[in-house]
There are 2 protein chains.
Amino acid sequence: MSVTIRDVAKASGVHISTVSRTFSAPHLVNPNTRSRVLACAEQLGYRPNRAARALITGRTYNIGLIVADIANPFFPPLIKAAESQARKHDHHIFVADTNEDPALEEEVVRALAKQVDGVLLCSPRMSNALIEQLSREVPLVVVNRQITGIPAVAMDVAGGARRAVEHLIALGHRRIALVAGPRGSWTSREIRRSASATARAGSAELTIIGPNPPTEVGGLTVAEDVLRAGATAVFAYNDLMAIGLIEGLLAAGARVPQDVSVVGIDDIMLSRLTRPKLTTVATPTAAAGRAAVDMLLAHGDDRRTTAHVHLQTELVIRDSTGPGPGPHSPADPGDVIAPGGVAS
Amino acid sequence: MSVTIRDVAKASGVHISTVSRTFSAPHLVNPNTRSRVLACAEQLGYRPNRAARALITGRTYNIGLIVADIANPFFPPLIKAAESQARKHDHHIFVADTNEDPALEEEVVRALAKQVDGVLLCSPRMSNALIEQLSREVPLVVVNRQITGIPAVAMDVAGGARRAVEHLIALGHRRIALVAGPRGSWTSREIRRSASATARAGSAELTIIGPNPPTEVGGLTVAEDVLRAGATAVFAYNDLMAIGLIEGLLAAGARVPQDVSVVGIDDIMLSRLTRPKLTTVATPTAAAGRAAVDMLLAHGDDRRTTAHVHLQTELVIRDSTGPGPGPHSPADPGDVIAPGGVAS
DNA sequence: GACATGTGTGCAACCGCTTGCATTAATGTC
DNA sequence: GACATTAATGCAAGCGGTTGCACACATGTC
């Protein structure tokens, strides 16, 4: 049915091992023979069977890419960049979506382990211990997370969060809400830590609302909590939530940014298209995808390359942030109500 | 290194063929033996090597999914649904992005052919002839295209286009522009055909602008052409272009929908979030992803299942369309200028 | 008790390819 | 011209599984 190495061998009058070497070790075969074999292969439409090759060499030329939610606009640019970079190195990408479910994450890694040269774990929700264990079964590169001993591509979300909160403080906001992301997210912890420290340093009050699902709906549903907390500015775990939040705020009659300023993080395509346009922290998503693939492929040679790539983020000021109530805001700690669903 | 069928055989005191049958033909092995083997396998953490299995059975349990542009928000829901549906049947998905390039499309299909049980070709830009040829090399299901002899999942874009244009006509618009999609797109041809027929039936004038790249920028850049054509309403090839177009129109000083009404197609998530919210034709993207996977897997048994699945579309009226200039519009065919980039 | 029947397991070939080793021919060295 | 060296190719084992066939044994039938 399908044309194999034997067909090519027969057609070009050499042994199959010569054909094999023509493709995997060309320098070992006589140039004349080589070109004859290549001609036959071309003519027959021969393509090496990677599965068969992988069986012996252990290299599959496949990469697993695991994301929490393909439909979250944060991921597509990353996937696209990774796929393109992988193809440059003749690798293919398995994409799996875990629906934000840590258990599914583990299962998918295990299911993919034997069929890939390595797995890119994007924004994993698993525990560090589990990730370390899995990394013994298959080469792993984590994106948006830092674990000692595991190669990682991290974006400087802490720096981004700092700049975002500083921006709000500079605008005169003193009562800021942080709409947190999902439990188990490293990014969420980083943001929380950095935003808290920055608020403290700027003598602003930070109310943490969450955890929440990292979706538009997640943002929409906390709009009331934000208003009840009396915040004049909000920093959200990601753009999708920020956009949902703005929807919710507008629906509740609050104006953005006149009454409430909103900052997101990610700079997804959407952020330039909503009204008001979203002020946000741009994360280099595509660069992260490329870097992760590069690390994984480099990784192969020397297993202890636990380098960590750090990518810079950048504050993009658009229209969803504006001046706060000013330095003389009648902020009375007494009327800060702790609404349902608010944690610290 | 990795635990194989032989390790399990040794541990449970049976021949490897018995272990093999325990997994691939359980009814052939004695229940006692079976449970013993399963226990050993579980304890050793054995996972069958799919590549090795594929070598003999010819079934890889992999599916290729080829899209024109992952970053186009139309695709992620489709990919997500397909991946999820595939996983239900214990299949994995290779995702490839072709950057809207037909040549790359062909190359990717060929590269994937041997490693998958079939390929889902989403919105292919290739010629029918080429698709037919490829379908002889690997089982194919096309999405958003119809080719006799090839299983397909098609959305009723023609019906959608009709309803969109009828909606504009009902609002009183008589000079309508169609912002066309990329060359080679079946959807683009369907839309053009259906929109033309509907306009003619409704005594409206339809100016076709394009072809254009199916992106936000593609829409943005034709805003001037639309205004120059004197159209009071526009139907765009997809939501992304419609949204870009609205940006462009607003930037040029035109109000939407007061001066120009805009309808898109796809109902991507974005469409609910922009201002004004986009009137559009909703296409059942996730359903298409699921259906395509199902067809491909069913396909396996009986190669001549060239069924075509047809999915309904639906007009979603939001805020980007409004009343036209009315029946007494001073439309003078004489001042219809054919701007640069306008085709018919 | 002889025989057909069925059940569970082992044996070995094979899927398409890679690779260490043996073999042969060509080349260089003194 | 004998010998070591190098280059090019063939041979065959094996990667981790599957599967047709043979075999041993237990049962049922007359």
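So you know, we letter chains A, B, ... as the sequences are listed, proteins then strands, and number each from 1.
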(request) Mark up nucleotides 18-23 of chain C, 5' to 3', with B wherever a protein heavy atom is under 4.0 angstrom from a base atom, S wherever such an atom reaches only the sugar-phosphate, and - elsewhere. (result) BBB---

(message) Using whole Å, what does the distance between atom C1' of nucleotide C/dG16 and atom NZ of A/K10 come to?
(response) 14 Å

(message) Assess whether a salt bridge exists between B/R50 and B/D90, defined as any Lys/Arg side-chain N lying under 4.0 Å from an Asp/Glu carboxylate O.
(response) yes

(request) Nearest whole angstrom, please: distance from the P of C/dC14 to the CG of A/L55. (result) 17 Å

(message) Using whole Å, what does the distance between atom P of nucleotide C/dG8 and atom CG of B/N30 come to?
(response) 6 Å

(message) Taking the nucleotide of DNA chain C with the nearest heavy atom to each, does B/K114 or B/L28 sit closer to the 5' end?
(response) B/L28

(message) So that I can tick it off, tell me whether B/R110 and B/E106 are bridged by a salt bridge, with the cut-off set at under 4.0 angstrom between side-chain N and carboxylate O.
(response) yes

Enumerate donor-acceptor pairs with a distance under 3.5 Å from any side-chain N or O in residues 7-14 of chain A to protein atoms, sequence neighbours excluded.
{"from": "A/D7", "atom 1": "OD2", "to": "A/T4", "atom 2": "N", "distance (Å)": "2.8"}
{"from": "A/S12", "atom 1": "OG", "to": "A/V8", "atom 2": "O", "distance (Å)": "2.6"}

(request) Shoot me the first and last contacting nucleotide of DNA chain D against chain A, ordered 5' to 3', at under 4.0 angstrom to non-hydrogen atoms. (result) D/dA8 to D/dG16

(request) Verify, without hydrogens or angle tests, whether A/R145 (side chain) and A/P124 (backbone) share a donor-acceptor contact under 3.5 angstrom. (result) yes

(request) Using the side chain to side chain contact (heavy atoms under 4.5 Å, CB included) rule, take B/L121 and B/M126 through it: C-alpha gap first, then chi angles, then the decisive distance, then the call. (result) CA-CA 10 Å; B/L121 225 44; B/M126 288 183 275; 3.6 Å; yes

(message) Below 30° counts as parallel, above 60° as perpendicular, anything between as tilted: where do the rings of A/F94 and B/F94 land?
(response) parallel

(message) Determine whether B/K80 and A/D69 satisfy the following criterion, side chain to side chain contact (heavy atoms under 4.5 Å, CB included), listing intermediate values before the conclusion.
(response) CA-CA 8 Å; B/K80 187 175 171 111; A/D69 179 11; 2.6 Å; yes

(message) Tell me whether B/R87 contacts the main-chain N or O of A/D97 through its side chain, where contact means a donor paired with an acceptor under 3.5 Å.
(response) yes

(request) Scan B/R34 against the nucleic acid and name what it touches under 4.0 Å (heavy atoms): base, sugar-phosphate only, or nothing. (result) nothing

(message) In whole Å, I'd like the distance from the CZ atom of B/R6 to the C1' atom of C/dG10.
(response) 14 Å

(request) Please state how far atom CG in A/D7 lies from atom P in C/dC15, giving the value in whole angstrom units. (result) 11 Å

